[in-house]
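Worksheet: the structure to be examined is printed underneath.
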Amino acid sequence: MTSERTLLLVKPDGVQRRLIGIILSRIEAKGYEVVELKKLTATAELLSEHYAEHRDKPFFPDLVDYMSSGPIIAAVIEGHRVVEGVRSLCGATDPTTAAPGTIRGDLGCDWGTGNIENLVHSSDSPESAAREIGIWFGKD
Ligand code: IDP
Ligand code: MG
């Protein structure tokens, strides 16, 4: 098989709600391997790099506040077609309409804060995955 890697983040709401285990177990139960794992609190600088495509969006300052509000779990996940597979497990961005059966659809909720708190991030393409793994785990 040709193996591929993706970046998964358990966002601060996922850590705070004690969902790390459930989220990682869904990834593992699917058949993917967790090959790197760490817990850290993200700085505004790191988040600005990670979310470079959203820097000019009106929600960006609130997104940085949300994403730096507590510790995050960063993981590198490996497997065949893992980028699209993990995106599919995570579900759509809005937890209210994310499909049941997905992490965001089953476990996420719109709390009415204005932020889209949706528990997880996953890379949207192999190119994004390589870039994001470099940001969170260093380029080597
Ligand atoms: P994704 O996480 O499903 O790839 P993106 O559109 O790349 O979604 O947005 C990145 C993150 O920014 C989302 O997961 C969500 O937390 C937040 N976000 C996206 N759009 C909005 C918005 O319109 N208002 C507030 N937060 C948003
Ligand atoms: Mg995205």
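In each ligand, atom 1 is the first atom listed, and ligand 1 is the first ligand listed.
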Enumerate, atom names and distances included, each donor-acceptor pair closer than 3.5 Å involving a side-chain atom of residues 94-103, sequence neighbours excluded.
{"residue": "D94", "atom": "OD1", "partner": "T96", "partner atom": "N", "Å": "2.9"}
{"residue": "T102", "atom": "OG1", "partner": "A99", "partner atom": "O", "Å": "2.6"}
{"residue": "T102", "atom": "OG1", "partner": "G105", "partner atom": "N", "Å": "2.9"}

### Query
Would the number of heavy atoms belonging to other residues, nucleotides or ligands and lying under 6.0 Å from CZ of R131 be above 12?
yes
### Query
For atom NZ of K38, is the number of surrounding heavy atoms from other residues, nucleotides or ligands below 6.0 Å larger than 12?
yes
### Message
Working to the nearest 0.5 angstrom, can you tell me the gap between H121 NE2 and I72 CD1?
### Response
10.0 Å
### Task
Mind listing the closest non-hydrogen atom pair of T41 and S68 along with its distance?
CG2-O, 4.0 Å
### Task
Examine K11 relative to Y66 and say whether NZ or CZ is less than 6.0 Å from the centre of the six-membered ring and inside a 45° cone about the ring axis.
no
Please tabulate, one line per pair, the protein nitrogen or oxygen atoms found under 3.5 angstrom from a nitrogen or oxygen of ligand 1, with distances to 0.1 Å, or say none if there are no such pairs.
{"residue": "ligand 1", "atom": "2 (O)", "partner": "R104", "partner atom": "NH2", "Å": "3.1"}
{"residue": "ligand 1", "atom": "3 (O)", "partner": "T93", "partner atom": "OG1", "Å": "2.6"}
{"residue": "ligand 1", "atom": "3 (O)", "partner": "R104", "partner atom": "NH1", "Å": "3.1"}
{"residue": "ligand 1", "atom": "4 (O)", "partner": "R87", "partner atom": "NH1", "Å": "3.0"}
{"residue": "ligand 1", "atom": "7 (O)", "partner": "H54", "partner atom": "NE2", "Å": "2.9"}
{"residue": "ligand 1", "atom": "8 (O)", "partner": "T93", "partner atom": "OG1", "Å": "3.3"}
{"residue": "ligand 1", "atom": "9 (O)", "partner": "H54", "partner atom": "NE2", "Å": "3.3"}
{"residue": "ligand 1", "atom": "14 (O)", "partner": "K11", "partner atom": "NZ", "Å": "3.0"}
{"residue": "ligand 1", "atom": "14 (O)", "partner": "N118", "partner atom": "ND2", "Å": "2.8"}
{"residue": "ligand 1", "atom": "16 (O)", "partner": "K11", "partner atom": "NZ", "Å": "3.2"}
{"residue": "ligand 1", "atom": "16 (O)", "partner": "I116", "partner atom": "O", "Å": "2.8"}

